[in-house]
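Everything below concerns the one structure shown next.
Every chain is numbered from 1, with letters handed out A, B, ... down the list of sequences.
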Amino acid sequence: MNSIDPKNQDFFERVFDVVRLIPHGRVSTYGAIAAYLGAKRSARMVGWAMNLSHQVDAEIPAHRVVNRVGLLTGKHHFKTPTTMREKLLQEGIMCDEHDQIVNFNEVFWDPFSLDNL
DNA sequence: TGAATGACTCGAT
DNA sequence: GATCGAGCCATTC
């Protein structure tokens, strides 16, 4: 949205930057990203950032961000409810009929792992 | 200006 | 171990 305030844009850009760093075939969580940005309590804001990500930069892999149990809670915000699952499948990430990542523990990517590089 | 909402998470029962 | 409720923080009406 073009109504993003500069001060808030900084927070959203930080979120976008972390999401863009998620490796291909991996996923992360709203809480993990929020915690990495020092706003552990603001997981919902990460969701808002993902919503805006479709408008500010379509290249942001928002489909790689799920909730803490690996559920595709944001699928309805994509073009179609199946778009999120389709994109994950293309990256080798399997989801069950409940739109939950099967091997979530294996594909989960922690932003804090960047600090170990 | 104030209240409600939301792609969440954690703690208590 | 599972379920319920409250907290958080920016955006929108």
Original post:
What does A:Ala49 touch in the nucleic acid at a heavy-atom separation under 4.0 angstrom: a base, only the sugar-phosphate, or nothing?
Top reply: nothing

Original post:
If you look at every strand shown and take non-hydrogen atoms under 4.0 Å, does A:His54 touch a base, only sugar-phosphate, or nothing?
Top reply: base

Round to the nearest Å and state the distance from [X] atom [atom1] to [N] atom [atom2].
X       : N      : atom1 : atom2 : result
A:Asn67 : B:dA7  : CG    : C1'   : 9 Å
A:Ile33 : C:dC8  : CD1   : P     : 21 Å
A:Leu37 : B:dT9  : CG    : C1'   : 16 Å
A:Asn51 : B:dT5  : CG    : C1'   : 12 Å
A:Met84 : B:dA7  : CE    : P     : 12 Å
A:Arg68 : B:dA7  : CZ    : C1'   : 15 Å
A:Gln55 : C:dT11 : CD    : P     : 13 Å
A:Leu52 : B:dT5  : CG    : C1'   : 14 Å

**OP:** Take A:Met45 and A:Arg41, find for each the nucleotide of DNA chain B with the closest heavy atom, and name the residue whose nucleotide sits nearer the 5' end.
**Re:**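 Upstream on the strand: A:Met45.
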
What's the closest nucleotide to the [X] side chain, out of [options]?
X       : options              : result
A:His77 : B:dG6, B:dT9, B:dA7  : B:dA7
A:Trp48 : B:dT9, B:dA7, C:dT12 : C:dT12
A:Met50 : B:dT9, B:dA7, C:dA10 : B:dA7
A:Arg44 : B:dT9, B:dA7, B:dG6  : B:dG6

Original post:
With distance as the sole test, does A:Asp96 use its side chain to make a donor-acceptor pair with the main-chain N or O of A:Asp99 at under 3.5 Å?
Top reply: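 Yes, because the side chain of A:Asp96 sits within donor-acceptor range (under 3.5 Å) of the backbone of A:Asp99.
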
Subject >> N/O (side chain, A:Ser42) to phosphate O (OP1/OP2, B:dC8) under 4.0 Å >> reply: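 No, because none of the side-chain N or O atoms of A:Ser42 sits under 4.0 Å from OP1 or OP2 of B:dC8.
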
Original post:
Do the ring planes of A:Phe16 and A:Phe12 sit parallel (below 30°), tilted (30 to 60°) or perpendicular (above 60°)?
Top reply: parallel

Original post:
When the P atoms of C:dT3 and B:dA7 are considered, how many whole Å apart are they?
Top reply: 22 Å

Original post:
Is the closest basic N to carboxylate O distance between A:Glu59 and A:Arg20 below 4.0 Å?
Top reply: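 Salt bridge between A:Glu59 and A:Arg20, a charged N being under 4.0 Å from a carboxylate O: no.
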
Original post:
Taking atom types as modelled and ignoring hydrogens, do the side chains of A:Glu86 and A:His63 form a donor-acceptor contact shorter than 3.5 angstrom?
Top reply: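 No, A:His63 and A:Glu86 have no side-chain donor paired with an acceptor closer than 3.5 Å.
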
Original post:
So, for A:Asp110 and A:Ser113, which heavy atoms are closest and what is the spacing to 0.1 Å?
Top reply: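 In terms of heavy atoms, the two residues are closest at O-OG, 2.6 Å.
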
